[in-house]
**Student:** 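Let me begin by handing over the structure; questions about it come next.
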Amino acid sequence: MAASEAPPAEATVEVELPSQPPPPPSKDPEDVTLDAILKHLGQFGRFQLIIFLLICLPMMFHAMFSVTYVFTASTVTHRCDIEECDTPDSKFYEPHIEWSIPKNGNDPCNRYTNRDLPLWNGTDDICLAEHYTAETEACPGNKFIFRDNEVTISNDFDIYCDDEWKLSMVGTINNLGQFFGIPIGGFVADRYGRSFSIALGGIMGAVLGIVRSYSPSYVWFLIFEFLDNMTSSTLYSTCFVIGIELVGPRRRVLACSVITVFYAVGEVALAMFAKAFPDWRILLRITYMPSLILLAYFWILPESVRWLLSQGKEERAKGILRRAAKVNKRKLSETMLDKLVLANRDKLQQSAESRFPIREAFKNFKWRIANCSFCWIVHVLVYYGLSLNVVLLDGDKYNNFAYIALVEIPGFFMPLLIMDRFGRRYSLCGLMLFSGLCCIGTIFTGADQPVLQLVLFLIGKLTITASFQVLYFFASEIYPTNLRNSLLSFCSMMGRFGSMLAPQTPLLAKYYASAPALIFAGAAIVSGLLTLFFPETTNVVLPTTVQEADAIGVKKRPSQAKDLDLVVPASQPQ
């Protein structure tokens with residue numbers, strides 16, 4: 001709606017207002033809805049662009065926070081120190097490892113026994129192939145020679161070989177912290193505001209991450225790993241929600257695709273930092289110290305207007321809309337703002353859900369929440385499972401991690417091409433089925449076709465990334481404003497079960513090589529078909545109340561259409 005078109009509509013309504021009591025909304029719903037005002041201001045104008053740039057920063061930081069353990073708790077490449085062969089100047093690759101270490105030097109924890117070593121006087125040359133037997137023994141005294149200067153908690157806290165389960169435990173503790181932190185962060189975001197939640201979670205995560213870099217022991221490292229991810233885990237979902245609530249319906253997909261791209265940017269940045277700073281303590285400080293800037297977000301990041309209206313904070317909401325109009329160089333009359341407030345006030349009074357909204361939500365949406373939670377578990381399982389089973393990518397681990405992250409970027413933009421054309425449900429279903437079929441394809445291609453197998457693998461990762469993006473839209477659009485962050489965080493919390501299961505899938509390959517791919521494929525196909533039971537939300541504006549969210553997808557009878565136009569979000573913006 002152009003700015004020049006607004007005055008006539010307002011004049012028509014102003015004539016009718018004196019003859020009606022103030023509380024009821026205007027008869028013209030387009031004049032009293034937030035989405036209509038956003039269209040009037042510009043669905044993605046300069047004001048929204050500034051907010052999105054601010055949101056992208058914590059999104060990037062969260063990506064680094066959530067996966068630092070990939071490098072801080074990784075196994076360092078090492079081999080046994082062969083006493084009779086190695087000198088203080090010996091390198092990781094030496095000719096003698098061909099006969100002194102099993103698997104031609106690829107066994108980091110064992111060596112072949114030397115039959116003459118017990119009688120060795122320290123001067124005779126017994127580092128010859130004929131002196132070694134086929135029997136193996138553990139590295140005496142846990143003395144190792146390392147390939148490079150990488151320092152992780154493995155060689156800092158002497159975690160090798162039989163104790164390496166402690167390294168994988170870090171990933172479990174990481175996800176356990178997110179499991180508890182996501183619902184807490186969702187509650188904070190719905191109770192105290194989106195911008196407050198982002199600033200609080202970001203600054204607490206930053207401080208705890210920096211403190212973790214000074215951990216004196218493995219136990220303290222685990223404690224701060226848990227606390228760090230518990231406090232910062234809500235950043236992704238809250239940034240996504242505030243982005244969804246900021247723009248008009250036609251710009252949601254584009255805007256939030258741009259936001260989530262910065263998650264991949266954060267992963268790539270982490271890989272490059274880890275490559276440049278191979279000491280885990282320095283890496284944590286380099287990664288977390290810049291995020292202290294999020295302290296300023298308590299003052300500079302505007303609050304979500306939708307959240308303010310849902311909480312009855314009308315003056316703050318009007319102030320932000322005035323600022324948006326000024327920045328976007330659009331005219332916004334006080335009459336439009338007043339009618340927005342009156343309509344919102346009437347809507348909240350009619351909702352009758354101020355005391356126990358969460359109880360009513362679980363009562364009304366139990367199947368929707370269950371389906372969304374299962375879908376989230378499957379997405380996280382397949383998404384992280386594919387990353388953990390990427391055995392076809394050889395070479396530098398830092399570059400490989402960056403490549404895997406870069407593959408996600410096209411997946412973030414794929415919804416732009418399909419969501420509005422085919423709808424949310426069919427897009428989500430189709431992407432999940434396609435990812436599952438790609439997983440099945442990797443089974444039949446086999447190791448004799450490595451290029452085709454790699455292509456199928458990457459396409460599977462690409463499509464599950466795109467599907468995950470669609471799922472975030474679904475979970476943001478099927479729940480009401482005052483519960484959106486809480487229920488989105490609940491589904492995300494349930495998804496942590498998938499991330500806890502994903503690291504165990506490579507173990508299944510020891511019993512059946514195709515077991516991980518079969519699990520990923522089966523889960524993706526089943527969940528993909530179940531998504532067809534979701535209500536369609538394409539071009540439906542965000543619901544404010546439980547009743548509005550419950551009415552999404554309900555077909556109205558012609559006789560009821562006029563009455564429901566003021567309530568059902570499928571027929572009018574909020």
Side-chain angles (χ1 to χ4, degrees), residues 1-17 25-56 193-195 239-259 297 299-347 416 420 476-477 481 539-544 566 569 571-574:
M1 181 185 297
S4 60
E5 296 175 349
E10 291 170 13
T12 303
V13 177
E14 287 172 0
V15 174
E16 297 178 359
L17 280 176
S26 166
K27 290 183 179 181
D28 184 359
E30 285 298 319
D31 289 340
V32 294
T33 61
L34 179 58
D35 280 346
I37 291 179
L38 288 175
K39 292 177 182 178
H40 176 75
L41 297 178
Q43 296 197 56
F44 196 71
R46 185 179 301 175
F47 179 80
Q48 288 95 327
L49 178 61
I50 294 172
I51 304 303
F52 264 74
L53 291 176
L54 292 174
I55 293 173
C56 288
R194 316 312 196 203
S195 61
C239 288
F240 195 91
V241 166
I242 200 172
I244 282 283
E245 295 178 341
L246 181 67
V247 300
R250 294 186 179 182
R251 293 293 182 267
R252 289 180 198 160
V253 179
L254 173 62
C256 291
S257 295
V258 173
I259 290 178
Y297 278 41
W299 298 278
I300 67 174
L301 181 62
E303 187 52 79
S304 165
V305 175
R306 294 184 190 274
W307 180 83
L308 291 172
L309 291 174
S310 73
Q311 300 296 310
K313 301 179 184 293
E314 300 161 354
E315 290 304 317
R316 286 183 61 189
K318 291 165 65 176
I320 292 175
L321 289 175
R322 292 190 192 101
R323 195 190 320 170
K326 182 178 180 180
V327 173
N328 289 352
K329 298 181 179 180
R330 297 292 183 91
K331 293 182 179 180
L332 181 64
S333 68
E334 289 299 315
T335 303
M336 294 182 70
L337 293 175
D338 291 339
K339 287 185 290 186
L340 171 66
V341 168
L342 288 175
N344 181 76
R345 191 179 302 170
D346 181 73
K347 185 180 297 184
L416 286 172
D420 290 333
S476 300
E477 294 174 339
T481 298
N539 295 327
V540 173
V541 297
L542 299 178
T544 298
L566 295 178
S571 59
Q572 70 161 64
Q574 180 265 329

**Student:** With a 4.5 Å heavy-atom cut-off, do Asp338 and Lys318 have their side chains touching?
**Tutor:** yes

**Student:** Please say which of Arg316, Gln311, Lys313 ends up in a side-chain contact (heavy atoms from CB on, under 4.5 Å) with Glu303.
**Tutor:** Arg316

**Student:** Return the minimal non-hydrogen interatomic distance between Cys239 and Ile259, and the atom names on each side.
**Tutor:** O-CD1, 4.0 Å

**Student:** Would you give the length of the straight line joining atom CD1 of Ile242 to atom CD1 of Ile55, rounded to the nearest 0.5 angstrom?
**Tutor:** 5.0 Å

**Student:** To the nearest 0.5 Å, how far apart are CD1 in Ile320 and CG in Leu308?
**Tutor:** 5.0 Å

**Student:** Rounded to the nearest 0.5 Å, what's the gap from OG on Ser195 to CD1 on Ile51? Could you check?
**Tutor:** 9.5 Å

**Student:** With rounding to the nearest 0.5 Å, note down the distance linking CG in Leu321 to CG in Leu332.
**Tutor:** 6.5 Å

**Student:** So does Arg322 pair up with Glu334, basic N to acidic O under 4.0 Å?
**Tutor:** yes

**Student:** How long is the gap from CG on Leu340 to CD on Glu314, to the nearest 0.5 Å?
**Tutor:** 9.0 Å

**Student:** Mind checking the CZ-CZ spacing from Arg330 to Arg46? Nearest 0.5 Å is all I need.
**Tutor:** 11.5 Å

**Student:** Donor-acceptor pair, Tyr297 side chain versus Pro302 backbone, under 3.5 Å?
**Tutor:** no

**Student:** Please report the closest heavy-atom contact between Trp307 and Gly193, naming both atoms and the distance.
**Tutor:** CZ2-N, 3.3 Å

